[in-house]
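Report on one structure; see the data block that follows.
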Amino acid sequence: MTPAQELLLSRIRDVPDYPVPGVTFKDITPLLADPVAFTALTDALADFSVRHGATKIVGLEARGFILGAPVALRAGLGFIPVRKAGKLPGATLRQSYDLEYGSAEIEVHAEDLAAGDRVVVIDDVLATGGTAEASLDLIRRSGAEVAGVAVLMELGFLEGRRKLAQALDGAPLEALITI
C-alpha cells in the first residue's frame, strides 16, 4: 500500500451496524475534514482524469458531488452532476437500473453532455456497480464517450467490478483503495 493509500484508509471510519445490523458503513467524513487527506484524494482522482483525456467529470449523487467537483476544478474540467430522477429542472436524459429490491432512476441535463465529450465518472464507493453502470449507459446515450471510472474505494466482495466489466467496454476503472 502506498503512503497516499495509507493516509486515505486511515481517515475512513468504520461504523458498525449502520444503516442496518450486520453492515459496516465506511464513513468518509473524517477524510473530507482532513485537508491533507482530501487534497491527496482530489489530486489522485484529477490525475486519473487527466491521464485518460477527460473533458468532463460526472459526479454521482450524492458523495460523488463532493468528490467530483473539486476534481473537475483541479483538472480544469467541467463538472456534471448525475442526480436521482426528478431533481433536475428542464430537459433531462433518464436511465433506470435495478437494485437488490426494486429499481431506481438517475438523470442528467440533456445539454450537459454531447458528442466529443470524454467523461470520467467519480464516486466514493464502488459496491454492486448498479449506479455506475447506469451512469455509463446515460453518458453513452448522450453521445459522449466514457473515459473511465474512478472511485475512492471498492468493496471487492460485492463484485461491482465484474458487473461493470461489460459496461466499461475497455474504459479503465480505478479504485484508490480496495476493501
Side-chain angles (χ1 to χ4, degrees), residues 1-12 26 28-83 88 93 95 106-127 129 131-156 160-161 163-179:
M1 188 172 287
T2 69
Q5 289 171 315
E6 287 177 7
L7 172 64
L8 297 175
L9 189 56
S10 75
R11 300 304 187 272
I12 298 170
K26 300 295 187 184
I28 68 166
T29 58
L31 188 156
L32 300 174
D34 179 332
V36 173
F38 195 16
T39 298
L41 172 59
T42 301
D43 288 348
L45 295 174
D47 178 65
F48 173 88
S49 300
V50 170
R51 271 188 290 122
H52 294 287
T55 60
K56 301 257 176 85
I57 299 294
V58 155
L60 302 181
E61 189 165 344
R63 289 179 298 238
F65 297 173
I66 296 168
L67 304 183
V71 167
L73 186 63
R74 180 66 49 94
L77 305 173
F79 175 74
I80 311 299
V82 168
R83 305 279 326 254
L88 292 172
L93 294 175
Q95 182 69 43
I106 55 174
E107 62 186 8
V108 66
H109 276 130
E111 70 276 3
D112 285 350
L113 296 171
D117 284 330
R118 287 186 44 81
V119 182
V120 165
V121 175
I122 302 282
D123 206 2
D124 64 330
V125 175
L126 175 62
T131 307
E133 182 179 30
S135 74
L136 300 180
D137 292 342
L138 194 60
I139 289 163
R140 290 190 177 106
R141 282 184 43 226
S142 76
E145 181 182 345
V146 174
V149 175
V151 296
L152 166 58
M153 74 183 115
E154 176 181 353
L155 304 179
R161 181 177 293 266
K163 179 176 181 169
L164 272 184
Q166 185 174 356
L168 282 164
D169 193 28
L173 167 60
E174 183 167 302
L176 300 178
I177 299 167
T178 300
I179 298 172

Beyond-backbone contact of [X] with [Y], side-chain heavy atoms, under 4.5 angstrom:
X: Ile12; Y: Ile177; answer: yes
X: Leu126; Y: Leu173; answer: yes
X: Val125; Y: Asp123; answer: no
X: Leu67; Y: Leu32; answer: yes
X: Val146; Y: Val121; answer: no

Work out which heavy atom in [X] is nearest to a heavy atom in [Y]; give both atom names and the distance.
X: Glu133; Y: Ala167; answer: CG-CB, 3.8 Å
X: Thr55; Y: Gly116; answer: OG1-O, 4.3 Å
X: Pro172; Y: Ala147; answer: CD-O, 3.2 Å
X: Arg161; Y: Glu154; answer: NH2-OE1, 2.7 Å
X: Ser49; Y: Val120; answer: OG-CG1, 3.7 Å
X: Phe48; Y: Ala150; answer: CD2-CB, 3.6 Å

Approximate separation, where rounding is to 0.5 Å, of [X] [atom1] and [Y] [atom2]:
X: Ile66; Y: Thr42; atom1: CD1; atom2: OG1; value: 11.5 Å
X: Leu93; Y: His109; atom1: CG; atom2: NE2; value: 10.5 Å
X: Glu6; Y: Met1; atom1: CD; atom2: CE; value: 6.5 Å
X: Asp34; Y: Thr29; atom1: CG; atom2: OG1; value: 11.5 Å
X: Leu88; Y: Ile106; atom1: CG; atom2: CD1; value: 11.0 Å
X: Arg11; Y: Leu152; atom1: CZ; atom2: CG; value: 13.0 Å

Open item on the list: Is there a salt bridge (charged side-chain N to carboxylate O under 4.0 Å, His left out) between Arg118 and Glu145? Walk through the geometry before answering.
Closed with: CA-CA 5 Å; Arg118 287 186 44 81; Glu145 181 182 345; 2.5 Å; yes
Task: Side-chain donor/acceptor of Lys56 to backbone N/O of Ala114, under 3.5 Å - done: no
Task: Check: Val36 main-chain N/O paired with Thr39 side-chain donor or acceptor under 3.5 Å - done: no
- [ ] Have a look at Ile80 and tell me which of Ile57, Leu113, Ile139, Val119 forms a side-chain contact (heavy atoms from CB on, under 4.5 Å) with it.
- [x] Leu113
Task: Criterion side-chain contact (heavy atoms from CB on, under 4.5 Å) against Asp124, the qualifying member of Arg63, Met153, Lys26 - done: Arg63
- [ ] Could you go through the side-chain contact (heavy atoms from CB on, under 4.5 Å) check for Phe79 and Ile122 one step at a time?
- [x] CA-CA 10 Å; Phe79 175 74; Ile122 302 282; over 6 Å; no
